[in-house]
Amino acid sequence: MRRRKYLLVYAVLILAGFVMVLPVLMMACNSFMGPQELKEAYGAVLGEGRENLSARFLPVYPTLRPYVELLLDSPDFFVMFWNSVKQVFSILIGQTAVGTMAAWAFARYEFRGRKPLFIMYMILMIMPFQVTMVSSYLVLSKLALLDTHLALILPGIFSTFPVFIMEKFFRSIPKEVFEAAQVDGAGELASFLMIGIPLGSPGIVSALILNFLEYWNAMEAPMTFLKTKSKLPLSLYLPEITTDQMSASFVASVVMMIPAVLGFLWGREYLQKGIEASGLKE
């Protein structure tokens, strides 16, 4: 009886996993379809076909032409791709420098106003972008940073989310380790660099991966703070694609998804630890 119950649970989980993965697999397979085949399959959705929708999983006539057109004949795609690289990795480098030090201070020191300040950090963390959009726009406008890469980089560097994750890991380091280091003559900076960073690396990596996924796919902030097309990130490339370039949209989706998938696969163990730590009460 118990075995049947386990088999039923496994069957339901496999079915649910297949349903979640199916759209991604269809997107990858459809990226090898030519424009005419895509029009025959999805023309009814776009108002360009009279036949019913006939979504296909595998292409009848597979071709690499959409990849060639996007990767070799679309300069706008590469401009937006490198914009995303510059913006996202600048944010992550800044978060590593600023977030680790802030998290270390919250975890290691007891100072007046620490708890209210950390509560304010958590409130800012759960606030959606729509709440802070107007105030952020006014501040960036006053600093003459609108329509520049810094309009996205600076707010991202001072994000409160990585501080929340890293603080949990720094706080979990036993105090005896730091006491032993102090006996050996290690100062606070040495303890931070030689003990805090290595032992807190799972929290640092998990926070950076989660933020990479967020900023790599961000759309609202770039649409609000950037106006010049040559500065837009890759996440805004797809809305610019017209219906007659539908094959390019599938290819662009696949190419944009690859860095996020690779990052997730590389750091999935750290992500699990970070999610577990974020659920711990202080």
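This chain uses plain numbering: 1 for the first residue, then up along the sequence.
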Handout entry: Beyond-backbone contact of Thr160 with Met122, side-chain heavy atoms, under 4.5 angstrom
Key = no

Practice task
Check whether any side-chain N or O of Ser206 sits under 3.5 Å from a backbone N or O of Gly203 as a donor-acceptor pair, and report yes or no.
Solution key: yes

Handout entry: Nearest non-hydrogen partners of Tyr215 and Ser159, listed with the distance
Key = OH-CB, 3.7 Å

Practice task
Mark yes or no for whether Ser84, through its side chain, and Trp216, through its backbone, hold a donor-acceptor pair below 3.5 Å.
Solution key: no

Practice task
Please round to the nearest 0.5 Å and tell me the distance separating atom CG of Leu208 and atom CZ of Phe89.
Solution key: 10.5 Å

Problem - Donor-acceptor pair, side chain of Ser141 and main chain of Leu138, under 3.5 angstrom - result: no

Exercise for the section: Taking atom CZ of Phe111 as the centre, report whether more than 12 heavy atoms of other residues, nucleotides or ligands fall under 6.0 Å from it. Expected result: yes

Problem - Atom CE of Met223: over 12 foreign heavy atoms under 6.0 Å - result: no

Handout entry: In one Ile/Leu/Val/Met/Phe/Trp/Tyr side-chain cluster, 4.5 Å: Ile93, Met101
Key = no

Exercise for the section: Examine Leu15 and Tyr6 and state if one hydrophobic cluster contains both, with Ile, Leu, Val, Met, Phe, Trp and Tyr joined whenever side-chain heavy atoms are less than 4.5 Å apart. Expected result: no

Problem - Ser230 to Asn83 - nearest heavy-atom pair and separation - result: O-ND2, 2.7 Å

Practice task
Answer yes or no: is there a side-chain heavy-atom contact under 4.5 Å between Phe192 and Phe178?
Solution key: no

Problem - Whether Arg114 side chain and Ala105 backbone form a donor-acceptor pair below 3.5 Å - result: no

Exercise for the section: Taking the side chain as every heavy atom from C-beta outward, state whether Glu69 and Val251 have any atom pair closer than 4.5 Å. Expected result: no

Handout entry: Hydrophobic cluster identity match, Leu70 and Val79, side-chain contacts under 4.5 Å
Key = no

Problem - Neighbour count above 12 (heavy atom, 6.0 Å) for Tyr10 OH - result: no

Exercise for the section: Decide yes or no for Leu71 and Phe81: does some side-chain heavy atom of the first lie under 4.5 Å from some side-chain heavy atom of the second? Expected result: no

Problem - pair Trp266-Leu262: side-chain heavy atoms closer than 4.5 Å - result: no

Handout entry: ILVMFWY network linking Ile119 to Phe161, side-chain heavy atoms under 4.5 angstrom
Key = yes

Exercise for the section: Return the orientation label for the Phe77 and Tyr237 ring planes: parallel under 30°, perpendicular over 60°, tilted otherwise. Expected result: perpendicular

Handout entry: Residue pair Leu146 / Ala151: nearest heavy atoms and the distance that separates them
Key = CA-CB, 4.4 Å

Practice task
Check whether any side-chain N or O of Ser31 sits under 3.5 Å from a backbone N or O of Ala28 as a donor-acceptor pair, and report yes or no.
Solution key: yes

Practice task
May I ask you to check whether over 12 heavy atoms, not counting those of Met194, lie within 6.0 Å of atom CE?
Solution key: no

Practice task
Using modelled atom types only, decide if a donor and an acceptor are shared between the side chain of Asn211 and the backbone of Leu92 within a distance under 3.5 Å.
Solution key: no

Practice task
Find out whether Gln87 and Leu226 are in side-chain contact, i.e. whether some heavy atom of one side chain is under 4.5 Å from a heavy atom of the other.
Solution key: yes

Exercise for the section: Return yes when atom CZ of Phe264 has more than 12 non-hydrogen atoms of other residues, nucleotides or ligands closer than 6.0 Å, and no otherwise. Expected result: no

Practice task
Please check if Leu72 and Tyr67 belong to a single hydrophobic cluster, counting links between Ile, Leu, Val, Met, Phe, Trp and Tyr side chain heavy atoms closer than 4.5 Å.
Solution key: no

